[in-house]
Amino acid sequence: MHAPGRFKKAFMEQLLLGLRAAGQASKSMGLRERRDAVRLSSDVAMALASSSARGAPPPHGATASWARALVARHAAERRNEALLRRIMGGAGYEMALAAAAAARGRKDARSRRIVRRSRRVLSAGRKKRTASGGGGGGAMAARRMVKARMKVLRTLVPGADGLRGFSLLSETLDYVACLKTQVELLQCLCKGSRSRLG
């Protein structure tokens with residue numbers, strides 16, 4: 001986790017840089033493209049602010065796996081290239097692109113391992129059930145419920161595919177805290193712009 005005040009300051013700095021970069025191209029953008037640019041700027045600002053609030057040098061030092069995965073996900077989409085290059089700089093964008101390619105490779109290898117492991121577990125489970133008669137009761141149901149909820153968490157948190165147990169919970173807490181701060185700061189920006197316009 002990081003200091004909330006430090007994160008807020010870093011987030012606002014990165015967000016303003018990202019919005020300024022997005023604003024340079026906004027004359028040629030439609031409404032949907034502008035919305036996507038604000039979302040991209042906000043996500044990248046959150047990831048970079050997380051790394052700088054932890055003490056790592058941005059843009060390369062995003063120590064949280066969700067932060068690296070979030071930037072890599074945006075870098076993998078070709079339509080984000082120009083804006084990401086402006087926000088992160090050329091070297092930062094290239095590192096994010098490399099991280100996206102590496103994540104795809106790891107995901108393929110992990111998928112093959114999961115299939116092999118699940119086949120082994122299924123065959124071993126069948127043997128156990130036939131030998132013991134099936135029981136297990138409440139502990140087994142609780143274990144299944146925890147596994148199912150952890151699986152849901154892995155789908156919600158970027159980059160949490162390979163995490164287990166406490167590291168998954170720690171990443172989730174950090175990600176949710178950053179999302180909460182992101183929403184609060186964006187709401188403040190919206191309120192401020194509305195009061196100026198109205």
Test side chain to side chain contact (heavy atoms under 4.5 Å, CB included) on Arg79 and Asp36 and set out the steps.
CA-CA 10 Å; Arg79 64 190 171 100; Asp36 290 345; 3.3 Å; yes

Ser170 side chain vs Phe166 backbone, donor-acceptor pair below 3.5 Å
no

Among all residues two or more places apart in sequence or in another chain, which pass the side chain to side chain contact (heavy atoms under 4.5 Å, CB included) test with Glu184?
Lys8, Lys180

When you group the ILVMFWY residues by side-chain heavy-atom contacts below 4.5 Å and let the links chain together, are Leu179 and Leu70 in the same group?
yes

Quick one: are Met12 and Phe7 in side-chain contact, heavy atoms under 4.5 Å?
no

Side chain to side chain, Val38 and Leu19, heavy atoms closer than 4.5 Å
yes

When you group the ILVMFWY residues by side-chain heavy-atom contacts below 4.5 Å and let the links chain together, are Leu189 and Leu185 in the same group?
yes

Minimum heavy-atom distance Gln14-Ala49, with the two atoms named
CG-N, 4.4 Å

Rounded to the nearest 0.5 Å, the CE atom of Met46 sits from the CG atom of Leu186 at a distance of 10.0 Å

Backbone of Gly30 reached by a side-chain donor or acceptor of Glu33 within 3.5 Å
yes

Could you walk me through whether Trp66 and Ser50 satisfy the side chain to side chain contact (heavy atoms under 4.5 Å, CB included) test, starting with their C-alpha distance in whole Å, then the side-chain angles of each, then the deciding distance to 0.1 Å, before giving a yes or no?
CA-CA 10 Å; Trp66 66 261; Ser50 171; 3.6 Å; yes

Does the side chain of Leu40 reach to within under 4.5 Å of the side chain of Val44, using non-hydrogen atoms?
yes

dist Ser41:OG -> His74:NE2 (nearest 0.5 Å) comes out at 9.5 Å

Look at Arg73 together with Asp43 and state whether they make a salt bridge at an N to O cut-off of under 4.0 Å.
no

Could you list the donor-acceptor pairs under 3.5 angstrom formed between side-chain atoms of residues 146-160 and any protein atom two or more places apart in sequence or on another chain?
from   : atom 1 : to     : atom 2 : distance (Å)
Arg154 : NE     : Leu163 : O      : 2.9
Arg154 : NH2    : Leu163 : O      : 3.3
Thr155 : OG1    : Val152 : O      : 2.6

Contact between Phe11 and Ser42 at the side-chain level, heavy atoms closer than 4.5 Å - yes or no?
yes

